[in-house]
Amino acid sequence: MDKLLWWCWIVGSLLLPLYGHSIKLGDSIQYLSYDDIVKGLHELQQEYPDIVGLYSAQEAFQLPHVGRCGVQQEPCTIWIVELVNRTKKSSQQLAQLPEMIVSGELHGDEPVGTLSSFYFIKTLVEQSFRDPWLSMLLNTRIVTVIPMTNAVGYDHNVRGESEGMVELMDPNRDFPFDQDPDKCMKTVAGKALYSLFHHHLFQILLTFHGGTNVLGYEWGDTRHCHSTSCEPSPDDWIMHSIATKLQQVSGSAGIHEKPYIVGDMGSTVYPVKGGLEDWAYGASWSDASGYCLWKNDSRATNISNRCIAYLIETSSKKHPSESTLGHYDWPMIRNDSHSIQDGHIPRNIRLSLIAMELLKPFIYLIGWGGESLWSETGRLDDPYLVEYVRMHMMDGTWNERRSWNKSLMDEFSLVWWVGGGLIVDETWIEFATAKEDSHSLQGSTMKQQHSSSPWLDPFSNHTLSGYLFHDTINLTRILLQVGQGHPIYFRGLLSMDRYFWNGKAQSHWIQARNNHSWWGSIPGHVIHGQSYFVSDYYRIEWTRNESVYEIRKMDGDQLQWNIDEIYPNLLFTSSTWLLESSHFWSWLKWVLLAILLGPGTFPLLGCIGVGCLRLCGVRTTRVPGNYILQRIRNYWISKRRRGNRLSSYYAMESQQQEEEGLWTEEAIK
């Protein structure tokens, strides 16, 4: 019997490399073969068919196979994974979701990126059912991941694509940007990425490499870089700020590697011709963009290549020791000093997840109720946090009935979660009755900004990523004012990263969150810019003939409510006024003429100038005076609130309310 067990162990040990191994939480990460990766991707697709889409570049884009891979020496295939929760989503809803692309490796002898992208897929999919943050990411974003972009190179452990014993070409010199037309689109890896960019509208690109410890961004081509210095790109400050956040969150690879060095690729690595990153960012608009002799339509379109693109050099060694790769675990708590659990793979998963979050701003109302929701540290108490996020964000039909409790309703807490950007410009909660309701009411909480709440780090013992904001309203007064059977509707609003917006930026990322006239569309995918982002809608109603009120989540698409839709037009800074008004120089001429003729003539000349422009059909940009007055009014109300501890909401119809006697102490009781 002992000999039989011994022989079973020997046979099992021999078969394990052929059929891969099961990877569980807490396991140390090991290098995986081509067969292991392919088998793992197919298992994930079979187990999570509503989330994991899996197809090959060869089949989707009619590309040839290069070389033979795996134990069975089958044709090498470039497998592409598309991650999004498709449950209850129409094709139109999917088309609206922002997109990111991750390339595991272009150089086959740099395998850390392949492992990082594979475990990124595995973490995101398997843990999303337990973690509300990951669930939100999969519900609201699309990520395309190619773990082995250069499949034959990965299997054969060589840098470029190879046929037999001959290495054909470096795939990261194969793109039509600062490259000769007869020297690009030679590799299947390059053609696969080219095809993906022409079938999607990506906003962020992550491409993994190895050999140094750098997080680089544009530029990195020889046209914009000279020796070790590069011209700043139009999105340079945006790219640097995002990279700094990614560096901060990813941290070091445990004790094995320091945090990434951040900078442009030409300075931190070296300039190259035909690089993926520069092509992904600038091919739609830069003079360095070109074409290839591969086919007639090899040029980028006006909207296809406007990515915030990052080169991630994962390790100072191309093939670091297995002991430095780290462990597969969740949450992947960052420990920069002495953790043996941390390593190259966990830090790249952290980086990829935060990059995925940064695709688009979001706002969720997650807390309704009394003071117990909010702790003295300024955040939701941990026992409540996951439960409330799950109820209010993940349950599309959530509703709850509560007893009338005046002490809690007088200071009714509203908690909302925002993220998906770097700087919160302003966020607040609006409420109003429906438009057809005979009882008219509208109001809001005070607007809050970035400095009002600390950033929650999901890899430092926090459950969520982003910011939590909190305010209170006097729900008793609001419900008494409208009466029983008249619902009040609530929604949250958010503006982010206005600070980075300028007229020179070319990326979809910054335009899509600040410029509501920005638009791009291809079959199945749309980018539509917006200045403000809106949460789900909630309805609170005092139930007829009962001392209870009901809170219900609802679809706000069909709601006609009693509030002016002015928020998209509030975006105003001095720089945007100069950029939006193409007739600034015409105005300057009138100002100079007024100075010459005397200050008293300026109003008259201004009126004449406006009249002439109107006659010519030109719409001049106006300063939103109502917005400025509202900010002054809000400031006064906030000071008053601090003085007498009033609720932070203000009602628009307060004069009418006082006249009708709705605020009397007797009515409140």
Side-chain angles (χ1 to χ4, degrees), residues 60-61 91-92 94-101 103 141-142 144 174-181 184-185 190-207 217-221 223-224 231-239 242 273-310 359-360 497 500-531 568 571 576 579-580 582:
F61 309 126
S91 57
Q92 184 178 4
L94 290 170
Q96 302 283 339
L97 300 182
E99 297 186 272
M100 179 174 85
I101 181 170
S103 169
R141 286 138 172 78
I142 299 176
T144 299
D174 200 25
F175 295 90
F177 195 92
D178 185 32
Q179 184 61 284
D180 299 332
C184 55
M185 289 294 103
K191 292 173 182 177
L193 285 166
Y194 170 91
S195 301
L196 283 168
F197 270 80
H198 281 68
H199 287 81
H200 295 264
L201 292 174
F202 298 118
Q203 295 190 38
I204 294 178
L205 161 70
L206 305 179
T207 173
Y217 50 85
E218 290 64 50
W219 295 110
D221 63 299
R223 185 83 66 90
H224 295 94
E231 302 171 13
S233 73
D235 293 85
D236 181 80
W237 181 236
I238 301 166
M239 292 179 174
I242 296 174
K273 286 177 171 286
L276 167 63
E277 302 83 8
D278 297 307
W279 173 79
Y281 167 63
S284 287
W285 54 270
S286 172
D287 292 339
S289 179
Y291 68 96
C292 300
L293 300 181
W294 171 42
K295 59 181 182 178
N296 295 330
D297 59 344
S298 61
R299 288 186 182 274
T301 68
N302 186 47
I303 59 173
S304 61
N305 293 58
R306 293 178 178 270
C307 267
I308 298 287
Y310 290 105
L359 273 173
K360 185 177 181 179
D497 300 319
F500 299 104
W501 191 36
N502 60 62
K504 298 179 181 179
Q506 296 291 335
S507 66
H508 285 311
W509 188 89
I510 193 62
Q511 296 287 354
R513 64 187 58 210
N514 283 287
N515 183 358
H516 54 270
S517 63
W518 190 262
W519 174 265
S521 175
I522 62 173
H525 302 280
V526 176
I527 288 181
H528 189 191
Q530 53 191 115
S531 304
L571 185 59
T576 58
L579 294 165
E580 289 180 356
S582 59

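Since the model is a prediction, treat every value here as computed from it, not as a measurement. Below, all heavy atoms of this structure are taken into account, side chains as well, without hydrogens, waters or symmetry copies.
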Query raised in the report: Within the distance-only criterion (no hydrogens, no angle test), does the side chain of S103 pair as donor or acceptor with the backbone N or O of T207 below 3.5 angstrom?
Result: no

Query - Shortest non-hydrogen contact from S289 toward G282 - result: CB-O, 4.3 Å

**Report entry** Minimum heavy-atom distance M239-E218, with the two atoms named
**Finding:** CE-OE1, 3.0 Å

**Report entry** Whether E99 side chain and L201 backbone form a donor-acceptor pair below 3.5 Å
**Finding:** yes

Query raised in the report: Where the side chain of D278 meets the backbone of D221, is there a donor-acceptor pair that is under 3.5 Å apart?
Result: yes

Report summary line: Interatomic distance, OG@S521 vs CD1@I527, rounded to 0.5 Å, equals 10.0 Å

Query - Spatial distance of atom OG1 (T144) from atom CD1 (I101) [nearest 0.5 Å] - result: 6.0 Å

Query raised in the report: To the nearest 0.5 Å, how far apart are OG in S531 and CZ in R513?
Result: 12.0 Å

Query raised in the report: F177 and W279: aromatic ring centres closer than 6.0 Å?
Result: no

Report task. On the 0 to 90° scale, with breaks at 30° and 60°, tag the H224-W219 ring pair as parallel, tilted or perpendicular. Result -> parallel

**Report entry** L293 side chain reached by M185 side chain, heavy atoms, under 4.5 Å
**Finding:** no

Query raised in the report: Do H198 side-chain atoms and Y194 backbone N/O form a donor-acceptor pair below 3.5 Å?
Result: yes

Report task. State, with a plain yes or no, whether a side-chain heavy atom of C292 is found less than 4.5 Å away from one of P176. Result -> yes

Report summary line: Rounding to 0.5 Å, atoms CH2 (W237) and CD1 (I510) come to a distance of 12.5 Å

Query raised in the report: Side chains of W285 and N305: closer than 4.5 Å at any heavy-atom pair?
Result: no

Report task. Begin with the C-alpha distance, continue with both residues' side-chain angles, and end with the deciding distance and a verdict on side-chain hydrogen bond (donor to acceptor under 3.5 Å, both in side chains) for S507 and D235. Result -> CA-CA 7 Å; S507 66; D235 293 85; 2.8 Å; yes

Report task. Answer with yes or no whether the side chains of Q96 and H528 bring together a donor and an acceptor at under 3.5 Å. Result -> no

Query raised in the report: Quick one: are W518 and Q530 in side-chain contact, heavy atoms under 4.5 Å?
Result: no

**Report entry** Rounded distance (nearest 0.5 Å) linking atom CZ of R223 with atom CG of D178
**Finding:** 5.5 Å

Report summary line: What one should report as the nearest heavy-atom pair of Q179 and C184 is CG-CB, 4.0 Å

Query raised in the report: How far apart are the closest heavy atoms of Q511 and N502, and which atoms are they?
Result: NE2-O, 4.5 Å

Query raised in the report: Does Q203 use its side chain to pair, donor to acceptor, with the backbone of I308 at less than 3.5 Å?
Result: no

Query raised in the report: Ignoring hydrogens and geometry, is there a side-chain-to-backbone donor-acceptor pair from S304 to T301 under 3.5 Å?
Result: yes

Query - For D174 against G190, the heavy-atom pair lying closest together - result: OD2-CA, 4.0 Å

**Report entry** Validation row, ring centre F500 to ring centre W509 under 6.0 Å
**Finding:** no

Requested in this report: Return yes if some donor-acceptor pair links the side-chain N/O of R306 with the main-chain N/O of A283 below 3.5 Å, else return no.
Outcome: no

Query raised in the report: With under 30° as parallel and over 60° as perpendicular, where do the rings of H200 and F202 fit, or are they tilted in between?
Result: parallel

Requested in this report: Report yes or no: does Y281 contribute a side-chain atom to a donor-acceptor pair with the main-chain N or O of S233 at less than 3.5 Å?
Outcome: no

Query - Nearest-0.5 Å distance that lies between atom OH in Y217 and atom CD in E277 - result: 14.0 Å

Query raised in the report: Hey, is OH on Y291 packed in by over 12 heavy atoms from elsewhere, all under 6.0 Å?
Result: no

Query raised in the report: Would a 4.5 Å heavy-atom cut-off, applied to side chains only, mark L359 and L97 as touching?
Result: no

